[in-house]
Amino acid sequence: FRDWYNREFADLCRAHDDAYRNKRPRKSADIQLMIGIASRGYPALGIATYVSVRTFGWINYWRAK
């Protein structure tokens, strides 16, 4: 699953990571990631990803350089 996810959404994840690195508002970055995944035909996965990054993303947000 992880390999497929990374291939399918690599560009969205890079943009999300860049937003964290540039200290853009987390919630906004997380919503954009969710919308991007959902718009590719995976709405449930978009929601699951959103819940995941909202729950654990703060770790990477504060470590991002």
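Hydrogens, waters and symmetry mates are skipped; everything else that's a heavy atom, side chains included, is used.
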Next on the checklist: Tell me every residue that passes side chain to side chain donor-acceptor pair (under 3.5 Å) with Arg40, counting only those two or more places apart in sequence or in another chain.
Outcome noted: Asp11
Checklist outcome for this item: Taking every heavy atom of Arg54 against every heavy atom of Arg26, the minimum-distance pair comes out as O-NH2, 3.0 Å
Checklist entry - Side-chain contact, heavy-atom cut-off 4.5 Å: Ile31 with Tyr50? => result yes
Checklist entry - Under 3.5 Å, is there a donor-acceptor pair between the side chain of Tyr61 and the main chain of Pro25? => result no
Next on the checklist: Can you give me the closest heavy-atom contact between His16 and Val53, atom names plus distance?
Outcome noted: CE1-CG1, 4.0 Å
Checklist outcome for this item: Interatomic distance, CZ@Phe9 vs CZ@Arg14, rounded to 0.5 Å, equals 13.5 Å
Checklist entry - Between CE of Met34 and OG of Ser52, what distance do you get to the nearest 0.5 Å? => result 13.0 Å
Checklist outcome for this item: Residue set satisfying side chain to side chain donor-acceptor pair (under 3.5 Å) with Asp18, at least two apart, ordered chain then number -> Arg21
Next on the checklist: Tyr5: which residues meet the side chain to side chain donor-acceptor pair (under 3.5 Å) condition with it, sequence neighbours left out?
Outcome noted: Thr49
Item to check | Rounded distance [0.5 Å steps], CG in Asp17 versus CG in Leu12 | outcome: 11.0 Å
Checklist entry - Would Ile47 and Leu33 show up in the same hydrophobic cluster when neighbours are defined by side-chain heavy atoms closer than 4.5 Å? => result no
Next on the checklist: Please find the pair of heavy atoms, one from Lys23 and one from Trp62, that lie closest to each other, and give the distance.
Outcome noted: NZ-CA, 3.9 Å
Next on the checklist: Tell me whether Val51 shares a hydrophobic cluster with Ile59, the cluster being built from Ile, Leu, Val, Met, Phe, Trp, Tyr side chains joined at under 4.5 Å.
Outcome noted: no
Next on the checklist: Could you report the tightest heavy-atom contact between Tyr20 and Asp30, atom names first, then the distance?
Outcome noted: OH-OD1, 2.8 Å
